[in-house]
Amino acid sequence: QVQLVESGGGLVQAGGSLRLSCAASGSISSINLMGWYRRAPGKQRDLVAAFSSGGSTNYADSVKGRFTISRDNAKNTVYLQMDSLKPEDTAVYYCNAYHRGIDYWGRGTLVTVSS
C-alpha cells in the first residue's frame with residue numbers, strides 16, 4: 001500500500017502564492033506517477049498537474065503559467081507551487097499516486113483564495 005501525506009493548504013488573497021507538498025510512503029521505494037487534482041465546491045475532481053513515468057508534465061489549461069509541479073525523488077515527494085492565485089482556484093487539492101495498477105489519494109488539503 002501507499003500512504004500520501006499532504007500539507008500546505010490555507011487561506012490566501014488573490015494574487016498570492018502557496019506551496020503544497022505531498023510525501024508518499026509505504027511498501028514501495030519510488031513512485032513515478034504522481035500529481036495533483038482538485039475539487040471545487042459542487043464540481044468534479046479534475047487534474048491540476050501531474051508527472052508521467054518519463055518525467056513529462058501535464059497541466060490543466062486553467063493553471064498553465066501559474067502553477068508548477070516539481071518532485072524530490074529521494075523523498076518520494078511532489079510539490080505544487082501555486083502563484084498568481086485566483087478565487088476560482090479555491091478547492092480541495094488532492095495528491096495522487098499511481099502504482100502497480102492502483103490509484104492512491106491523499107486526504108486533501110483545502111485552498112481558499114479570497115477576492
Side-chain angles (χ1 to χ4, degrees):
Q1 292 186 325
V2 175
Q3 295 84 45
L4 304 176
V5 180
E6 300 161 303
S7 62
L11 174 65
V12 297
Q13 299 178 27
S17 298
L18 279 176
R19 184 189 186 222
L20 305 183
S21 300
C22 174
S25 62
S27 61
I28 46 83
S29 60
S30 65
I31 303 174
N32 293 321
L33 301 176
M34 298 186 69
W36 293 93
Y37 290 70
R38 68 186 181 187
R39 176 174 283 166
K43 298 183 179 180
Q44 66 180 5
R45 182 164 57 189
D46 295 321
L47 172 71
V48 178
F51 283 106
S52 70
S53 59
S56 299
T57 57
N58 186 31
Y59 293 93
D61 288 341
S62 59
V63 306
K64 287 181 179 178
R66 299 189 298 118
F67 291 9
T68 303
I69 187 171
S70 61
R71 177 169 59 191
D72 184 337
N73 289 326
K75 296 181 178 180
N76 279 334
T77 299
V78 172
Y79 306 94
L80 184 67
Q81 179 66 42
M82 305 185 295
D83 298 320
S84 301
L85 283 162
K86 304 175 180 179
E88 51 263 43
D89 295 319
T90 295
V92 177
Y93 284 71
Y94 298 90
C95 181
N96 169 258
Y98 187 79
H99 183 66
R100 295 182 179 180
I102 300 175
D103 210 10
Y104 297 91
W105 297 95
R107 65 179 183 270
T109 184
L110 177 63
V111 172
T112 302
V113 184
S114 64
S115 60

Minimum heavy-atom separation for [X] to [Y], with atom names?
X: Ser84; Y: Asp89; value: O-OD2, 4.4 Å
X: Trp36; Y: Ser21; value: CH2-O, 3.6 Å
X: Ala24; Y: Leu4; value: CB-CD2, 3.6 Å
X: Leu18; Y: Leu85; value: N-CD1, 3.9 Å
X: Ala91; Y: Leu110; value: O-CD1, 3.6 Å

To the nearest 0.5 Å, what is the distance between [atom1] ([X]) and [atom2] ([Y])?
X: Arg66; Y: Ser17; atom1: CZ; atom2: OG; result: 10.0 Å
X: Cys22; Y: Lys75; atom1: SG; atom2: NZ; result: 13.5 Å
X: Arg71; Y: Thr77; atom1: CZ; atom2: OG1; result: 11.0 Å
X: Ser25; Y: Gln1; atom1: OG; atom2: CD; result: 11.0 Å
X: Arg107; Y: Thr109; atom1: CZ; atom2: OG1; result: 7.0 Å

Subject >> Step-by-step side chain to side chain contact (heavy atoms under 4.5 Å, CB included) determination, Val63 to Arg38 >> reply: CA-CA 12 Å; Val63 306; Arg38 68 186 181 187; 3.9 Å; yes
I'd like to know if [Y] and [X] are part of one continuous hydrophobic network [Ile/Leu/Val/Met/Phe/Trp/Tyr, side-chain heavy atoms within less than 4.5 Å].
X: Ile102; Y: Tyr37; value: no
X: Met34; Y: Tyr79; value: no
X: Val92; Y: Trp105; value: yes

**OP:** Show your working on side chain to side chain contact (heavy atoms under 4.5 Å, CB included) between Met82 and Val12 and close with a plain yes or no.
**Re:** CA-CA 11 Å; Met82 305 185 295; Val12 297; over 6 Å; no
Donor-acceptor pair, [X] side chain versus [Y] backbone, under 3.5 Å?
X: Glu6; Y: Cys95; result: yes
X: Tyr59; Y: Ile69; result: yes
X: Asp46; Y: Arg39; result: no

Subject >> Cationic N near anionic O, under 4.0 Å, Lys64 to Asp61 >> reply: yes
Original post:
Hey, does Asn96 have a side-chain heavy atom less than 4.5 Å from the side chain of Tyr94?
Top reply: no
Original post:
What orientation do Tyr93 and Phe67 show, parallel under 30°, tilted 30 to 60°, or perpendicular over 60°?
Top reply: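 Rings of Tyr93 and Phe67: tilted, 30 to 60°.
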Subject >> side chain to side chain contact (heavy atoms under 4.5 Å, CB included) evaluation trace for Val111 with Leu20 >> reply: CA-CA 9 Å; Val111 172; Leu20 305 183; 4.1 Å; yes
